[in-house]
Amino acid sequence: RYLSNLLVQMYGKCGNVDQARRVFETIQPKNTFSWSIMMGAFTLNGHVHDAKAVFDAMPSRDVVAWNALVGLFARAGMLESAKMVFDKSPGWDPASWSSLVMELAQKGHLDEAKSLFDRCLHKDVILNTAMLTAFVQHRRIDGAKSVFDLMPQRNVVSWNALISGFAKGGNLKHLRELFDRMPHWDSVACTAVIAALGNAGRIEEAELVYGLMAEQSDVSCTAMFLAYAENEHLEDAERIFSGLKHSKDVVVWTAMLVVYGQKGFVESSQKIFRCMPTRNLVTWNAMVQAYAENGNLDLAHAAFHRMPATDVVSWNALSTALAMNGEIDAAWDVFDSVRPEK
RNA sequence: UCGCGUGAUAGAUGA
């Protein structure tokens, strides 16, 4: 049975909810794992209604099921429903608190998140770290630091979350102090530090941290690549690039595309765009931006109109590009045609 | 008692 459970989970992760459901229906008898795995598969793929239906159909509901439902609504941005479910749930598990705190913070209600957090009596490491991260997202490093200091226990993730806060804040002295105090340096911490050092132009130190890592990943290589490229160490950047040629990661390729665009090689950006394995909204925005900042307004326009979806960044890139090239009227037209919301 | 399910951290795009 639990092999079938794993199968449902696997299909869910691949985005094949129909197949997941098919396997789920053959499981007999289903245990609590089967039910919440099925619910998780729908949740992962954004099928809020189906996930809720699974919850409703459950013969019995344990903590995990309740947490999953709170998390489902919270992540879908339906905070009111999430809170109602939370109030109705039999226990107030830290996992539910955590979902609510994160979603509140993400919506910009940091203070509400904090007061909700303060009302929880049995906080665990994850909930504390979620609150810490919420402060970091709002660049409130002081708040993040005080959550960190007050936590009864910390794990790698808590340390990394605070490191990430200092890294984003750009205070290298504090970053350094905290980094030296860390019990373990894993790739998450190192990558955050490399990015911060790169932004500050401290290449030698970034290289040093890069060398500390037991093994490189696409993520750490991208950070190092950008550190080099943004500080004009182009041969070194090129060297990292060669090591990433076979990556299937969108972020890697988008970073490459951006760098070539910024150095004035739009054709290379274009080639990367065409050859890369997958593209997302950020990739498209970067491509439009690359055309725009190289003065290729027509190509920028053309790309913009072929975009499967657009967001504020896309519109902004296009209209500032037009404005900077003297096409003030066209820029206003773009600006005016932006629909409110999103 | 253990094993499969829920919530937290790093790299890419505009201002």
Side-chain angles (χ1 to χ4, degrees), chain A residues 1-10 12 31-41 43-44 55 62-72 74-75 93-103 105 124-134 136-137 144 154-165 167-168 186-196 198 213 217-227 244 249-259 261-262 280-290 292-293 311-321:
Chain A
R1 172 173 57 196
Y2 70 62
L3 286 183
S4 306
N5 286 347
L6 287 177
L7 199 56
V8 174
Q9 188 175 31
M10 201 196 73
N31 60 13
T32 54
F33 295 112
S34 323
W35 286 97
S36 45
I37 291 172
M38 186 65 244
M39 191 177 162
T43 302
L44 198 65
F55 179 87
D62 62 4
V63 216
V64 172
W66 283 100
N67 289 338
L69 190 65
V70 173
L72 169 72
R75 241 176 305 147
D93 193 76
S96 286
W97 288 87
S98 168
S99 299
L100 293 171
V101 164
M102 283 186 61
E103 183 56 29
D124 65 2
V125 208
I126 298 188
L127 176 55
N128 277 300
T129 307
M131 190 65 241
L132 194 168
T133 302
V136 168
Q137 283 167 350
R154 298 161 196 99
N155 62 16
V156 205
V157 179
S158 336
W159 280 94
N160 288 343
L162 189 61
I163 275 284
S164 152
K168 285 174 180 139
D186 69 359
S187 52
V188 173
C190 291
T191 306
V193 171
I194 289 170
M213 284 187 284
S217 65
D218 284 359
V219 178
S220 56
C221 290
T222 307
M224 197 62 231
F225 169 80
L226 290 168
L244 288 168
D249 186 341
V250 227
V251 179
V252 166
W253 290 104
T254 306
M256 309 288 180
L257 186 163
V258 168
V259 166
Q262 284 170 354
N280 63 18
L281 179 56
V282 175
T283 315
W284 279 95
N285 286 342
M287 193 66 242
V288 170
Q289 176 67 19
E293 70 195 6
D311 66 0
V312 258
V313 179
S314 339
W315 291 89
N316 206 330
L318 189 65
S319 56
T320 55

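Numbers restart at 1 for each chain; the letters A, B, ... are given by sequence-line order, proteins then strands.
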Original post:
Can you list the residues that meet the side chain to side chain donor-acceptor pair (under 3.5 Å) rule with A:N5, with sequence neighbours excluded?
Top reply: A:N31, A:S34

**OP:** Determine whether any donor atom in the side chain of A:D93 lies under 3.5 Å from an acceptor atom in the base of B:rG7, or the reverse, and answer yes or no.
**Re:** no

Original post:
Out of B:rU13, B:rG5, B:rA8, which nucleotide sits closest to the side chain of A:Q9?
Top reply: B:rG5

Original post:
Any side-chain heavy atom of A:N285 sitting closer than 4.5 Å to one from A:D311?
Top reply: yes

Original post:
Checking only heavy atoms, does the side chain of A:D62 share a donor-acceptor pair with the base of B:rG5 at less than 3.5 Å?
Top reply: yes

**OP:** Using whole Å, report how far CD1 of A:I194 lies from P of B:rU9.
**Re:** 20 Å

Original post:
For the base of B:rA8, is there a side-chain donor-acceptor partner from A:N160 under 3.5 Å away?
Top reply: no

Original post:
From B:rU13, B:rG11, B:rG7, pick the nucleotide closest to the side chain of A:V282?
Top reply: B:rU13

Original post:
Which part of the nucleic acid does A:V252 contact within heavy-atom distance under 4.0 Å: base, sugar-phosphate only, or nothing?
Top reply: base

Subject >> side chain to side chain donor-acceptor pair (under 3.5 Å) against A:T133, all qualifying residues, sequence neighbours excluded >> reply: none

Subject >> Donor/acceptor link under 3.5 angstrom from A:N280 side chain onto base of B:rA12 >> reply: yes

Original post:
So, does the side chain of A:S36 form a donor-acceptor pair with the base of B:rG5 at under 3.5 Å?
Top reply: yes

Original post:
Counting side-chain heavy atoms from CB outward, which of B:rG11, B:rU13, B:rA10 is closest to A:A192?
Top reply: B:rA10

**OP:** Give the C-alpha distance, both sets of side-chain angles, the deciding distance and a yes or no for side chain to side chain contact (heavy atoms under 4.5 Å, CB included) between A:C221 and A:V252.
**Re:** CA-CA 8 Å; A:C221 290; A:V252 166; over 6 Å; no

**OP:** With heavy atoms under 4.0 Å as the rule, sort A:A161 into base, sugar-phosphate or nothing.
**Re:** sugar-phosphate

**OP:** Give RNA chain B the dot-bracket treatment, 5' to 3': Watson-Crick (N1-N3 with N6-O4 or O6-N4) or G-U (N1-O2, O6-N3) under 3.5 Å, [ ] crossing, | other strand.
**Re:** ...............

Subject >> Out of B:rA10, B:rU13, B:rG14, whichever nucleotide has its closest atom nearest the side chain of A:V219 >> reply: B:rA10

Subject >> A:I126, nearest nucleotide to its side chain (from B:rA8, B:rG11, B:rA12) >> reply: B:rA8

**OP:** Apply ring pair (Phe, Tyr, Trp, His ring centres under 6.0 Å) to A:W35 and list each qualifying residue two or more places apart in sequence or on a separate chain.
**Re:** A:F24

Subject >> Residues that A:D62 engages under side-chain contact (heavy atoms from CB on, under 4.5 Å), provided they are two or more places apart >> reply: A:T32, A:V64, A:A65

Subject >> Check: A:D218 side chain, B:rG11 base, donor-acceptor under 3.5 Å >> reply: no

Original post:
Can you check the A:I163 CD1 to B:rA10 P distance for me, whole Å?
Top reply: 12 Å

Original post:
For A:A255, which residues count as a side-chain contact (heavy atoms from CB on, under 4.5 Å) partner, sequence neighbours excluded?
Top reply: A:T222, A:L226

Subject >> Side chain of A:T320 (C-beta onward), nearest among B:rA10, B:rU6, B:rG14 >> reply: B:rG14

Original post:
Counting side-chain heavy atoms from CB outward, which of B:rA12, B:rU13, B:rG11 is closest to A:T222?
Top reply: B:rG11

